[in-house]
Asker: 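Pasting a structure below so you can have a look.
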Amino acid sequence: MVNVMISSLSRFLLSTAVIGLTALPALAETGFDPLGAKATATPEAVESKALPPATDAATPPPGAAAPAAPVAASPAVEPAAPTTEAVTPAATPAVEPAPAVVATVPGMPVDQAIVAEIAKVVASATGDARRRADAVAKVYAARGNQPLWVVGDHYSDKAKATIARLADAVEDGLNPLDYALPDTDLSAATTELVANADLRVSMAVATFAEQASGGRVAPLAISKDITRTPERIPADKALATVANAADPVAALEGFNPPTDGFKRLKAMLAEVRAAKSKADAAPEPVAIAKSLKPGMSDEGVPGLRKRLGLDAPAEGIEPALYDEALVAAVEAFQKENGLSADGVVGARTIAVLNGAHRDVEGEIIANMEMWRWMPRDLSQDYVFVNIPEFKVRVIRHGQQVHEARVVVGKVANQTPVFTGEMQYLVVNPYWHIPESIKVKEMLPQIQADPAGYFARHGYEVTWDGQLIDPTRIIWDENAVKAVGIRQVPGEANALGNIKFMFPNKHAVYLHDTPLRSLFGRDVRAFSHGCVRVDDPMAFADAVLQGDPQWTVPKLQAMFGGDERRVDIATHLKVHLAYFTAFVDEGGKLQLRDDIYGHVQAIKKALGMSQV
């Protein structure tokens with residue numbers, strides 16, 4: 001088991017450059033300094049603290065009375081969870097009866113020693129660490145404050161397996177230094193040291209469980225537009241689960257997200273690290289003088305052919321010619337990498353071909369963090385929008401039934417990241433103009449020509465539900481904020497013929513659009529925050545699958561009339577997600593641009609290198 005630990009720590013040392021660490025302090029010290037064991041110092045990161053050092057009490061001389069044991073109960077009222085975490089309250093789980101402890105060590109009784117060690121943590125810790133300590137104290141109290149991991153003067157086999165698995169947390173995209181792990185060999189001379197060692201393992205388990213299930217960074221610390229509430233496993237429940245498990249390693253693994261997206265990234269992280277250790281030379285960059293179209297020639301074509309794994313052309317064919325075989329290979333590459341498969345080798349295709357310098361390992365870890373924020377159960381039927389990929393997918397009974405391109409929010413008007421529930425559709429929708437657009441974009445044009453502006457764009461002004469004449473208003477910022485402005489249904493309406501509603505505080509939705517040309521672009525961040533869907537009726541067909549009342553032909557028959565709400569029989573979860581790194585069905589790592597900077601912000605919060 002010690003060899004397992006050494007191997008685990010060796011693998012961890014190889015990864016410290018990625019997670020922003022410079023050295024691995026000794027983990028086998030008797031003194032426990034969790035307050036200095038945290039890998040990140042940013043306020044956004046979930047706080048990770050544990051036990052202060054145990055006091056090595058000397059054995060009392062013969063005939064002397066044993067020293068009085070300091071006893072400190074947990075506070076009567078548990079402090080509220082900090083804003084950096086969302087913790088689900090849970091009753092203290094039942095824990096198996098404590099095994100008999102052989103009293104072979106001197107000092108105070110072990111139960112009193114454990115209470116004293118917990119008191120030290122409670123006294124020195126703050127925030128998340130304090131809350132975890134209170135939760136762990138409940139588990140010990142429920143079992144008479146007997147050890148969970150130490151039997152006599154040594155760790156149990158379950159404890160050793162638990163410590164070894166926590167040391168491998170780097171494979172989960174986490175940082176073992178957050179857990180202040182002890183060595184698997186325990187040489188305890190006193191019950192105080194036994195209690196200290198036991199509590200160290202418990203606090204490590206609780207910290208790992210919360211980080212693995214809910215992440216190390218609070219979503220709102222990254223962006224006000226990420227309003228997820230991670231389903232973090234409560235510390236007491238996690239500790240009881242591992243302590244009672246026949247297989248503690250499997251129990252610890254179970255705290256990670258069960259989603260396929262997370263599991264694939266975890267496997268890819270191992271592959272990337274293995275390839276990195278081999279230090280394979282990067283391929284020669286492709287250099288094309290100008291945008292290359294089929295039939296053109298360029299001195300960079302031989303390099304392009306080599307980069308895509310094609311043989312040299314047959315004898316007699318110009319080596320610099322961009323021929324049909326190479327065009328087909330380029331189109332396949334473009335399709336695989338989310339580019340327009342037009343066969344034109346432009347600046348963007350060249351940048352992706354040459355793998356613009358990216359910290360792939362750090363990017364995978366940041367995306368694994370975002371998977372920890374996602375619901376643990378995505379549902380069997382749901383809509384999934386991946387913002388950096390500019391794609392929407394509809395999943396039915398666990399299988400993808402539809403995929404389409406989307407247009408998402410501009411950097412200045414970002415599409416938010418959250419999960420909602422689609423409840424109804426609106427046919428022939430009015431577009432109710434958001435206040436930000438009214439003030440920043442419309443007001444100057446309204447002031448120049450109120451009547452003409454509203455007539456040209458099909459806008460109406462409302463006040464208290466009634467239509468009013470725009471020429472009767474003195475248009476300034478206060479006026480434009482006070483009145484409602486809406487665009488009437490019709491072919492020119494910005495929402496097209498239909499919108500898909502999942503009520504939310506962001507007031508965003510998916511919808512049709514008359515601006516079809518934008519779907520042909522590689523980067524499609526042009527909206528004011530809502531998601532425009534390509535081929536909305538094919539999307540509607542997937543959404544309405546199995547609906548007893550509504551079909552696409554029925555919806556289309558209503559086009560051109562008044563606005564109408566259509567309630568759907570089966571509500572669908574809608575996940576607006578943000579993943580710049582993901583593994584496709586073919587097992588290939590896909591990377592997309594960090595259009596809103598969320599990944600970079602996560603890496604910074606985690607203290608990773610900013611390569």
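Atoms considered below: every heavy atom in the structure, side chains included; atoms not considered: hydrogens, waters and symmetry mates. Keep in mind the model is a prediction, meaning the values are calculated, not measured.
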Asker: Counting distance only, does the side-chain N/O of N367 pair as donor-acceptor with the main-chain N or O of T580 below 3.5 Å?
Answerer: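 Yes.
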
Asker: Does a side-chain heavy-atom distance below 4.5 Å link P109 with T191?
Answerer: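 No, side chains not in contact.
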
Asker: Rounded to the nearest 0.5 Å, what separation is found between the CZ atom of R228 and the CZ atom of F418?
Answerer: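 Separation between the atoms: 8.5 Å.
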
Asker: Check E210 with K237, please: is the shortest side-chain N to carboxylate O separation under 4.0 Å?
Answerer: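 The answer is no: the pair does not qualify as a salt bridge.
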
Asker: Under 3.5 Å, is there a donor-acceptor pair between the side chain of W373 and the main chain of V217?
Answerer: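 Looks like yes, one N/O pair under 3.5 Å.
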
Asker: Looking only at non-hydrogen atoms, find the nearest pair between P182 and I163 and report the distance.
Answerer: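 For P182 and I163, the tightest heavy-atom pair comes out as O-CG2, 3.6 Å.
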
Asker: Within the distance-only criterion (no hydrogens, no angle test), does the side chain of K158 pair as donor or acceptor with the backbone N or O of A243 below 3.5 angstrom?
Answerer: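 Answer holds: yes.
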
Asker: Please work out which of the three classes, parallel, tilted or perpendicular, describes the rings of W371 and F579, given edges at 30° and 60°.
Answerer: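 Rings of F579 and W371: parallel, under 30°.
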
Asker: Minimum heavy-atom separation for M608 to G362, with atom names?
Answerer: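 Looks like CE-O, 3.6 Å.
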
Asker: Look up atom CG in L265 and atom CG in D260, then write down how far apart they are to the nearest 0.5 Å.
Answerer: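 These two atoms lie 11.0 Å from each other.
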
Asker: Between the side chains of D168 and R165, is the shortest nitrogen-to-carboxylate-oxygen separation below 4.0 Å, so that they form an ion pair?
Answerer: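 Salt bridge: no.
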
Asker: Just by distance, no angles: are the side chains of Q590 and D584 close enough, under 3.5 Å, to form a donor-acceptor pair?
Answerer: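 Yes, side-chain donor-acceptor contact under 3.5 Å.
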
Asker: Charged N to carboxylate O under 4.0 angstrom, E403 versus K391?
Answerer: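 K391 and E403: salt-bridged.
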
Asker: Side-chain donor-acceptor pair under 3.5 Å between D198 and Y140, yes or no?
Answerer: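 Per modelled atom types, D198 and Y140 side chains form a pair under 3.5 Å.
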
Asker: Determine, stepwise, if the pair D381 / K573 fulfils side chain to side chain contact (heavy atoms under 4.5 Å, CB included).
Answerer: CA-CA 7 Å; D381 300 274; K573 291 292 184 184; over 6 Å; no

Asker: Determine the interplanar angle of the Y179 and F208 rings, folded into 0 to 90°, and report it as parallel if under 30°, tilted if 30 to 60°, perpendicular if over 60°.
Answerer: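 Ring orientation, 0 to 90° scale: perpendicular.
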
Asker: Applying salt bridge (charged side-chain N to carboxylate O under 4.0 Å, His left out) to E585 and R264, what does each step give before you reach the verdict?
Answerer: CA-CA 10 Å; E585 294 296 330; R264 289 177 181 176; 3.2 Å; yes

Asker: Hydrogens and angles aside, do T415 and H506 bring a side-chain donor and acceptor to less than 3.5 Å of each other?
Answerer: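 The answer is no; no qualifying pair exists.
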
Asker: Would you compute the distance between atom CD of E117 and atom CE of M203 and round it to the nearest 0.5 angstrom?
Answerer: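 It comes to 12.0 Å.
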
Asker: Would you call D134 and R130 a salt bridge, taking side-chain N to carboxylate O under 4.0 Å as the test?
Answerer: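 Yes.
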
Asker: For the residue pair L589 and I364, establish whether any side-chain heavy-atom pair is separated by less than 4.5 Å.
Answerer: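 The answer is yes; the side chains approach within 4.5 Å.
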
Asker: Ignoring hydrogens and geometry, is there a side-chain-to-backbone donor-acceptor pair from R396 to V543 under 3.5 Å?
Answerer: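 Present.
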
Asker: If every non-hydrogen atom of A235 is compared with every non-hydrogen atom of A206, which pair is closest and at what distance?
Answerer: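 Between these two residues, the closest heavy atoms are CB-CB, 3.8 Å.
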
Asker: Using a 4.5 Å cut-off on heavy atoms from C-beta on, say whether the side chain of I387 contacts that of I595.
Answerer: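 Side chain of I595 against side chain of I387, heavy atoms only: contact under 4.5 Å found.
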
Asker: Cut-off 3.5 Å, side chains only: do R376 and T259 have a donor facing an acceptor?
Answerer: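 Result is no, nothing qualifies.
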
Asker: Please examine the side chains of T162 and V242, heavy atoms only from C-beta on, and report whether any two atoms are closer than 4.5 Å.
Answerer: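 A side-chain contact under 4.5 Å exists here.
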
Asker: Using the rule given for ring-ring contact (aromatic ring centres under 6.0 Å, His included), can you reason through Y578 versus Y596, listing the C-alpha separation, both sets of side-chain angles and the distance that settles it, and then say yes or no?
Answerer: CA-CA 9 Å; Y578 191 95; Y596 297 159; 5.7 Å; yes

Asker: Give the minimum heavy-atom separation between P388 and A577, together with the two atoms involved.
Answerer: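 Here P388 and A577 meet closest at CD-O, 4.2 Å.
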
Asker: For the pair N504 (side chain) and V508 (backbone), establish whether a donor and an acceptor sit closer than 3.5 Å, ignoring hydrogens and angles.
Answerer: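 Pair found, side chain donor or acceptor close to backbone of V508.
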
Asker: Roughly how far, to the nearest 0.5 Å, is the CD atom of E361 from the CE atom of M268?
Answerer: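 It is 13.0 Å, given to the nearest 0.5 Å.
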
Asker: Under 3.5 Å, is there a donor-acceptor pair between the S213 and E231 side chains?
Answerer: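 No, no side-chain donor-acceptor contact under 3.5 Å.
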
Asker: Atom CG in N386, atom CZ in R592: separation rounded to 0.5 Å?
Answerer: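 Answer for the CG-CZ pair, N386 versus R592, is 8.5 Å.
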
Asker: Using only heavy-atom distances, determine whether the side chains of W149 and S202 contain a donor-acceptor pair under 3.5 Å.
Answerer: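 Per modelled atom types, W149 and S202 side chains form a pair under 3.5 Å.
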
Asker: Between D172 and K266, does any NZ, NE, NH1 or NH2 come within less than 4.0 Å of an OD or OE carboxylate oxygen?
Answerer: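 Yes.
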
Asker: Examine distances only and state if a side-chain atom of N175 and a backbone atom of L177 form a donor-acceptor pair shorter than 3.5 Å.
Answerer: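 Between the backbone of L177 and the side chain of N175 there is a qualifying donor-acceptor contact (under 3.5 Å).
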
Asker: Keeping T190 on the side-chain end and L193 on the backbone end, is there a donor-acceptor pair under 3.5 Å?
Answerer: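 Side chain of T190 to backbone of L193, a donor-acceptor pair under 3.5 Å: yes, one is there.
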
Asker: Got a salt bridge between E192 and K120, using NZ or NE/NH1/NH2 to carboxylate O under 4.0 Å?
Answerer: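 The answer is no: the pair does not qualify as a salt bridge.
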
Asker: With a 3.5 Å distance limit and no angle check, can you tell me whether Q414 reaches the backbone of V411 through a side-chain donor-acceptor pair?
Answerer: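 Flag set: sc Q414 to bb V411 pair under 3.5 Å.
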
Asker: So, Q211 and D178: side-chain donor and acceptor under 3.5 Å apart, yes or no?
Answerer: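 Yes, D178 and Q211 have a side-chain donor paired with an acceptor closer than 3.5 Å.
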
Asker: About how many Å separate CG of L572 and OG of S379, when rounded to the nearest 0.5 Å?
Answerer: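 S379 OG to L572 CG: 7.5 Å, rounded to 0.5 Å.
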
Asker: Between R216 and L606, is any pair of side-chain heavy atoms under 4.5 Å apart?
Answerer: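 They are in contact (side-chain heavy atoms under 4.5 Å apart), so the answer is yes.
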
Asker: So do the side chains of R393 and V383 get within less than 4.5 Å of each other, counting heavy atoms only?
Answerer: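 The answer is no, as the side chains (C-beta and beyond) never meet within the 4.5 Å cut-off.
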
Asker: What heavy-atom pair brings P230 and G214 nearest, and what distance separates the two atoms?
Answerer: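 Shortest heavy-atom separation between P230 and G214 comes out as CB-O, 3.5 Å.
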
Asker: Yes or no on side chain to side chain contact (heavy atoms under 4.5 Å, CB included) for V194 and V110, after CA distance, side-chain angles and deciding distance?
Answerer: CA-CA 8 Å; V194 166; V110 70; 4.3 Å; yes

Asker: Is the closest side-chain heavy-atom distance between R200 and N196 below 4.5 Å?
Answerer: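 When only atoms from C-beta onward are counted, N196 and R200 do touch, with a gap below 4.5 Å.
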
Asker: Which atom names give the shortest non-hydrogen contact between V205 and A238, and what distance separates them?
Answerer: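 Distance-wise, the nearest heavy atoms are CG1-O, 4.3 Å.
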
Asker: I'd like to know if the side chain of R232 and the backbone of G215 have a donor-acceptor N/O pair within less than 3.5 Å.
Answerer: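 Checking the backbone N and O of G215 against the side chain of R232, a donor-acceptor pair under 3.5 Å is found.
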
Asker: Hey, mind stepping through T419 and L576 against side chain to side chain contact (heavy atoms under 4.5 Å, CB included) and telling me if it holds?
Answerer: CA-CA 6 Å; T419 290; L576 298 186; over 6 Å; no

Asker: Are I568 and M422 side-chain neighbours, meaning at least one heavy-atom pair lies under 4.5 Å?
Answerer: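 I568 vs M422: side chains touch.
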
Asker: Is there a donor-acceptor contact under 3.5 Å linking the side chains of Q423 and H571?
Answerer: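 Q423 vs H571: no donor-acceptor pair found between side chains.
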
Asker: Would you say the side chains of R372 and N256 form a donor-acceptor pair under 3.5 Å?
Answerer: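 Indeed, the side chains of R372 and N256 share at least one donor-acceptor pair under 3.5 Å.
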
Asker: Tell me whether H575 contacts the main-chain N or O of V385 through its side chain, where contact means a donor paired with an acceptor under 3.5 Å.
Answerer: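 Not at all, since once roles are kept as given, no pair shorter than 3.5 Å links the two residues.
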
Asker: Assess the residue pair L269 and R273 against the criterion (side chain to side chain contact (heavy atoms under 4.5 Å, CB included)); give the C-alpha distance rounded to whole Å, side-chain angles, the decisive distance to 0.1 Å, and a yes or no.
Answerer: CA-CA 6 Å; L269 179 63; R273 284 172 170 164; 3.5 Å; yes

